[in-house]
Structures are given as C-alpha cells and as structure tokens.
Visitor: 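So that we are looking at the same thing, I have put the structure below in structure tokens.
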Amino acid sequence: MKYLDRIGLVGAVNTVLVTCIPYFAVFLNLSDDVKTRTEQIILLSTIVALSLITLFVSRRYTRNVARVEGFAWGYFYNFVYELADLIIDKEAEITINGNKVDEQTKIKLLIIIPNDLHAEYKIAELISTVFNEAVITPGANSFFPMRRKAMKALEVNKDGEKYVVLIDTPPTTMRAIKLYQESCCNIDHNDAFDDLDKKLKKEFNKICIHGRKNIAPKFKNALEEIIENISKGSRRQEHKALISILTLDQVMDGIISKGEYERLTFIGDNLREGSKAEKNKVLKIINQRKDELINKVREIA
C-alpha cells in the first residue's frame, strides 16, 4: 500500500472512531458526567494513538524515500543533466571506440535500471560489456567545462531514422545504495551469503526484498519525476524527448531468465574463485545471446 493510501486509511479510521465515541458511552449506560469524561478520555486516547501511528509511518516512509531520491538526484544532476545539456545544445564531442561521431548525428540517452541491488545490479554491469565504449566531452565551442563521461553506445537504424543511443546502467549509484543498505546491518559487502551467520542472513534477505520491492522502483520513479519536472509547462521539452528509462528485465525479457543469473545475489563483491566462476558463467550466457540483447535494445530504445 502506498504511503498516501496508508495515511488516508489512518484518517478514515480516525473519523469512524471519533464518530462512534458517543455511542460507546450510550451503550455502556453511564451517567452524564461519566459519559462526558469517558468520551473525553476515549477521544484523547484515540487522537494520541492515531497521531503516533501517523508519525511512525510518515517518518519511516520519509526517511527511506528521501535517501533513495537523494541517490537519484545525485546521479541525475552529477551525470545525466550535464550530458543532456551538451547534447541538446549540440556542444558534445562523442567518440565511440575512438571514432568521432558526426556533430549532426541524432543522439538519445537510455538509462537501464536494475530491478534489485544484487543479482540484477551485477548482471547489469556484465550486460554493459556487449555494447561499444563511448566517451563524451565538451566540444571546442562549449560554454562550460565538464569531466569526460563514459557510457555505452549503440547505433540504431529504425523506421528509416539513424541515431546513436548512449546507454547507462547506473552501476556506481546502485552499488552505493547496496553498500549503504548492507553497512546499516553490519554486513561486509565482500562476504558471500554462505559466510554470514543466521542473523545476518536474515537481514541480507530483507535487504534483497526491500531493494526489489521498494528501492529500485522508487529510484526509477524519482528519475522520471525529475525529468517530468524539468520539462513541465513552458519549460524546454528536450529532456523528455532525449532521455528514456527502462528496467533491466524489459531488456532481458525472453532472452535471459532469472534462474540463469539469480546466483549472483549470493556471491558478494569478493574476488574468490567461486565468485569469479559464477560471474563468468553468466557472462558466457550473455555473450552467447549478445546479438539478441543488442537487437532488443534497438527495438525498444
């Protein structure tokens, strides 16, 4: 249930209880003085209890959402926004595998968001290897300097239109969220699941569920809201036309099944032979289906 739905439910319960308080007193067949005191006590107790519930729900929600949205804002304005402005103003110098892209070439940005903080975060990094390397820097006539930005790139010829899609899977940002969640539970990110004790395994499973059901969707929603806000009303609409956001499962649908990579959840970030072997096994699957993945991105980009 969404936060606003929860608060609405609390408000509805509050209204019903307050409305029913006089009837409780009548039902108990109390004297007028006692009725009044009883009504006041019940009313005060109800208001205090509901206020505490509302405060607890809102604080927990605000804290969790604020952190995820903070990561999303940081990722967008430290990375995507500067890049988008250069492209919109035709001041970006882009090279793909060392070859300069013509300044007149149409460019699109595609952000592919993993659906969780573990298995899909790791497979997103592996899938990015099937695309070409792109480097973006300010051109000679650019108004402002910018650090060079590295992305992946795919040339697309669709419906008679040729353009270049610059692709990012925000692995650094998703990793930061992952490390934060694990560190809050005293889980060392290098430890594999089998290294954890019973208590930490339980916490790790909670993080996995929370990442899949709440964090990844909120991160995506926050990015979409940022783009919507900067393109709203009379403002420039270029960002909305330039940037697309997909989830990783939309790219992998029908190509790589969850069962083929879900073991990545449990290997940690270490460089042990078992961890490397699991990654290499998944990477082999990706390379075998490389053409399918590339064609899928061309279709939906």
Visitor: Classify the ring geometry between Phe204 and Phe266 as parallel (under 30°), tilted (30 to 60°) or perpendicular (over 60°).
Guide: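 Tilted.
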Visitor: Would you indicate whether the side-chain heavy atoms of Ile207 and His118 approach each other to under 4.5 Å?
Guide: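 Counting from C-beta outward, His118 and Ile207 do come under 4.5 Å.
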Visitor: May I ask whether Ile255 and Ile294 are part of the same hydrophobic cluster, defined by side-chain heavy atoms of I, L, V, M, F, W, Y residues being less than 4.5 angstrom apart, directly or through others?
Guide: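 Yes, Ile255 and Ile294 fall within the same hydrophobic cluster.
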Visitor: Identify the heavy atoms of Glu82 and Tyr77 that sit nearest to each other, and give their distance.
Guide: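 Closest heavy-atom pair between Glu82 and Tyr77: CG-O, 4.4 Å.
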Visitor: Side-chain contact test, heavy atoms from C-beta onward, threshold under 4.5 Å: evaluate it for Thr173 versus Phe219 and give yes or no.
Guide: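 A side-chain contact exists here, since the closest heavy-atom pair is under 4.5 Å.
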Visitor: If every non-hydrogen atom of Met174 is compared with every non-hydrogen atom of Asp116, which pair is closest and at what distance?
Guide: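 Between these two residues, the closest heavy atoms are CE-O, 4.2 Å.
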Visitor: Is any side-chain heavy atom of Ile96 closer than 4.5 Å to a side-chain heavy atom of Asn99?
Guide: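 Ile96 does not reach Asn99 side chain to side chain.
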Visitor: Checking Thr265 against Glu262 for the side-chain hydrogen bond (donor to acceptor under 3.5 Å, both in side chains) test, could you report, in this order, the C-alpha distance in whole Å, the side-chain angles of both residues, the deciding distance, and whether it holds?
Guide: CA-CA 6 Å; Thr265 301; Glu262 63 183 348; over 6 Å; no
Visitor: Any side-chain heavy-atom pair from His189 and Arg175 closer than 4.5 angstrom?
Guide: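 In contact.
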Visitor: How close do Asn190 and Asp269 get, heavy atom to heavy atom, and via which atoms?
Guide: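 Minimum heavy-atom contact is OD1-O, 3.6 Å.
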Visitor: Thinking salt bridges, do Glu273 and Lys276 make one under a 4.0 Å N-O criterion?
Guide: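 Judged by the 4.0 Å cut-off on N to carboxylate O distance, Glu273 and Lys276 do form a salt bridge.
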Visitor: Can you label the angle between the Phe79 ring and the Tyr75 ring as parallel, tilted or perpendicular, going by 30° and 60°?
Guide: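 Judged by the thresholds at 30° and 60°, the geometry between Phe79 and Tyr75 is parallel.
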Visitor: Check the hydrophobic clustering (I, L, V, M, F, W, Y; side-chain heavy atoms under 4.5 Å; chains of links allowed) and say if Ile87 and Phe76 are grouped together.
Guide: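 Yes; Phe76 is reachable from Ile87 via cluster members.
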Visitor: Could you tell me if the side chain of Ile111 sits less than 4.5 Å from the side chain of Lys220, heavy atoms only?
Guide: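 In short, these two side chains do not touch, never coming nearer than 4.5 Å.
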Visitor: Just wondering, do Ile107 and Leu166 contact through their side chains at under 4.5 Å, heavy atoms?
Guide: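 Leu166 reaches Ile107 side chain to side chain.
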Visitor: Please examine the side chains of Lys149 and Asp168, heavy atoms only from C-beta on, and report whether any two atoms are closer than 4.5 Å.
Guide: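 Answer no - side chains too far apart.
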Visitor: Answer with yes or no whether the hydrophobic clustering places Ile123 together with Ile177; edges join I, L, V, M, F, W, Y residues whose side-chain heavy atoms lie under 4.5 Å apart.
Guide: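 Unlinked, Ile123 and Ile177 end up in two clusters.
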Visitor: With side-chain contact (heavy atoms from CB on, under 4.5 Å) as the test, would you mind laying out the steps for Asn205 and Phe193 before giving the verdict?
Guide: CA-CA 9 Å; Asn205 286 329; Phe193 183 76; 3.8 Å; yes
Visitor: Where do Leu264 and Glu125 land on the side-chain contact (heavy atoms from CB on, under 4.5 Å) test, with the steps shown first?
Guide: CA-CA 12 Å; Leu264 293 175; Glu125 288 188 306; over 6 Å; no
Visitor: Starting from the C-alpha separation in whole Å, work towards a yes-or-no answer on side-chain contact (heavy atoms from CB on, under 4.5 Å) for Leu223 and Ile243.
Guide: CA-CA 10 Å; Leu223 286 180; Ile243 306 167; over 6 Å; no
Visitor: Does Glu260 come within less than 4.0 Å of Arg289, counting only side-chain N to carboxylate O?
Guide: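 Salt bridge flag = yes for Arg289 with Glu260.
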Visitor: With side chains defined as the heavy atoms from C-beta onward, is the minimum distance between Tyr261 and Glu120 less than 4.5 Å?
Guide: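 Yes. Closest side-chain heavy atoms under 4.5 Å.
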Visitor: Same hydrophobic cluster for Leu179 and Ile215, using side-chain heavy-atom links shorter than 4.5 Å among ILVMFWY?
Guide: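 No, because Leu179 and Ile215 fall into different hydrophobic clusters, even though each may have its own neighbours under 4.5 Å.
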